[in-house]
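This report concerns only the one structure given below.
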Amino acid sequence: MKYLLIIGVLTGFFSAGQINLNAEKSSMRITGTSSLHDWEMTVDEFDVQGVMTDTEVQNLEVTIIAKSMKSGKSIMDGKAYDAVQADDYPKIKFTSESLQIMDDRIYGQGTLEIGGESRMIELDAEITKKDNEMQLQGQVPLKMTDFKIQPPTAMFGTLKTGDEVIIHYDIFLDK
């Protein structure tokens, strides 16, 4: 019995691997609403680091470069950068010591830091495994005010951004 336990531990240890983000295939975007229309920003620069086994992700760190969020409208981009204090806090980070992997899901808690404010959030993503690749898909709804962010306004306050935003991610990892 003792030998089976040791073999099990070693097998788990040797199957652990550094996460390798396939940046070309991966995407991330942020959506929200306003009093005029729904809006979307794509995230052009982000990274994912950590160690993955068959049952867990350890020391996960997702980093978004705040000024890489783009809507295609420079005024909106500027208001978003001001809202998240991108000049003072150029990175938005999600960190987690451990996330669990079970069947086709990855889940757990981690800390999201935006503009110097940190909050614990839940992560629950769908996993699809293909050959030497793993795809993680999910979304995280947030309220800007939970991070002490005032939802941006424009046109002297007649255009108001809704408080809730959703971060959508489609992450590809190579083995």
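Computed from a predicted structure; not experimentally measured. What you see below is based on every heavy atom in this structure, not just the backbone, and it leaves out hydrogens, waters and symmetry mates.
The hydrophobic cluster around Met120 extends to none of the other residues, as no ILVMFWY side-chain heavy atom falls under 4.5 Å of it.
Side chains of Phe172 and Val48 form no contact here, defined as non-hydrogen atoms less than 4.5 Å apart. Using a 4.5 Å heavy-atom threshold, the side chains of Val43 and Ile167 count as separate. The side-chain heavy atoms of Phe147 and Arg119, taken from C-beta on, include a pair separated by under 4.5 Å. Between Met76 and Met69, every side-chain heavy-atom pair lies at or beyond the 4.5 Å cut-off. Looking at Val140 and Leu112, their side chains never come closer than 4.5 Å, going by heavy atoms from C-beta outward.
For the atom pair CD of Glu61 and OG1 of Thr111, the computed distance is 11.0 Å after rounding to the nearest 0.5 Å. Expressed to the nearest 0.5 Å, how far CD1 of Ile106 lies from OG1 of Thr55 amounts to 10.5 Å. From Leu142, atom CG reaches atom CD1 of Ile166 across 9.0 Å, with rounding to the nearest 0.5 Å. The distance from atom CD1 of Ile171 to atom CD1 of Ile19, rounded to the nearest 0.5 Å, is 10.0 Å. The distance from the CE atom of Met41 to the CE atom of Met28 is 14.0 Å, given to the nearest 0.5 Å.
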Show the atom names and distances, to 0.1 Å, of all donor-acceptor pairs under 3.5 Å that link a side chain in residues 125-136 to residues at least two apart or in another chain.
| unit_1 | atom_1 | unit_2 | atom_2 | d |
| --- | --- | --- | --- | --- |
| Glu133 | OE1 | Lys25 | NZ | 3.3 |
| Glu133 | OE2 | Lys25 | NZ | 2.8 |
| Gln135 | NE2 | Asp170 | OD1 | 2.7 |

For residues 86-103, which side-chain donor-acceptor pairs fall under 3.5 Å, sequence neighbours excluded?
| unit_1 | atom_1 | unit_2 | atom_2 | d |
| --- | --- | --- | --- | --- |
| Asp87 | OD1 | Lys67 | NZ | 2.5 |
| Ser96 | OG | Ser98 | N | 3.4 |
| Ser96 | OG | Ser98 | O | 3.3 |
| Ser96 | OG | Gln109 | O | 2.8 |
| Ser98 | OG | Glu56 | OE2 | 2.4 |
| Ser98 | OG | Gln100 | NE2 | 3.2 |

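Gln150 and Ala83 make their closest contact through O-CB, 4.4 Å (heavy atoms, listed as atom of the first residue, atom of the second, distance). Taking all atoms of both residues into account, the shortest heavy-atom contact from Asp77 to Ser71 is OD1-OG, 2.6 Å. Residues Ala66 and Val84 approach most closely at CB-CG2, 4.2 Å, considering heavy atoms. For the pair Thr161 and Trp39, the tightest heavy-atom approach, listed with the atom from each and the gap, is CG2-NE1, 3.6 Å.
Listed by chain and residue number, Thr42, Ser68, Lys70 satisfy the side-chain contact (heavy atoms from CB on, under 4.5 Å) test with Asp44 (two or more places apart in sequence, or in another chain). With sequence neighbours excluded, the residues satisfying side-chain hydrogen bond (donor to acceptor under 3.5 Å, both in side chains) with Gln49 are Asp47. With sequence neighbours excluded, the residues satisfying side-chain hydrogen bond (donor to acceptor under 3.5 Å, both in side chains) with Asp163 are Thr145. With sequence neighbours left out, Asp124 forms a salt bridge (Lys or Arg N to Asp or Glu O under 4.0 Å) with Arg105. The side-chain hydrogen bond (donor to acceptor under 3.5 Å, both in side chains) test applied to Thr31 returns His168, not counting sequence neighbours. In terms of the side-chain hydrogen bond (donor to acceptor under 3.5 Å, both in side chains) criterion, Gln139 has no residue partners (sequence neighbours excluded). By the salt bridge (Lys or Arg N to Asp or Glu O under 4.0 Å) test, Glu45 pairs with no residue at all, sequence neighbours left out.
Ile65 and Phe46 are members of different hydrophobic clusters when ILVMFWY side chains are connected at heavy-atom separations under 4.5 Å.
For residues 138-147, there are no salt bridge (Lys or Arg N to Asp or Glu O under 4.0 Å) pairs, not counting sequence neighbours. Sorted by first and then second residue, the salt bridge (Lys or Arg N to Asp or Glu O under 4.0 Å) pairs involving residues 106-115 (not counting sequence neighbours) form an empty list.
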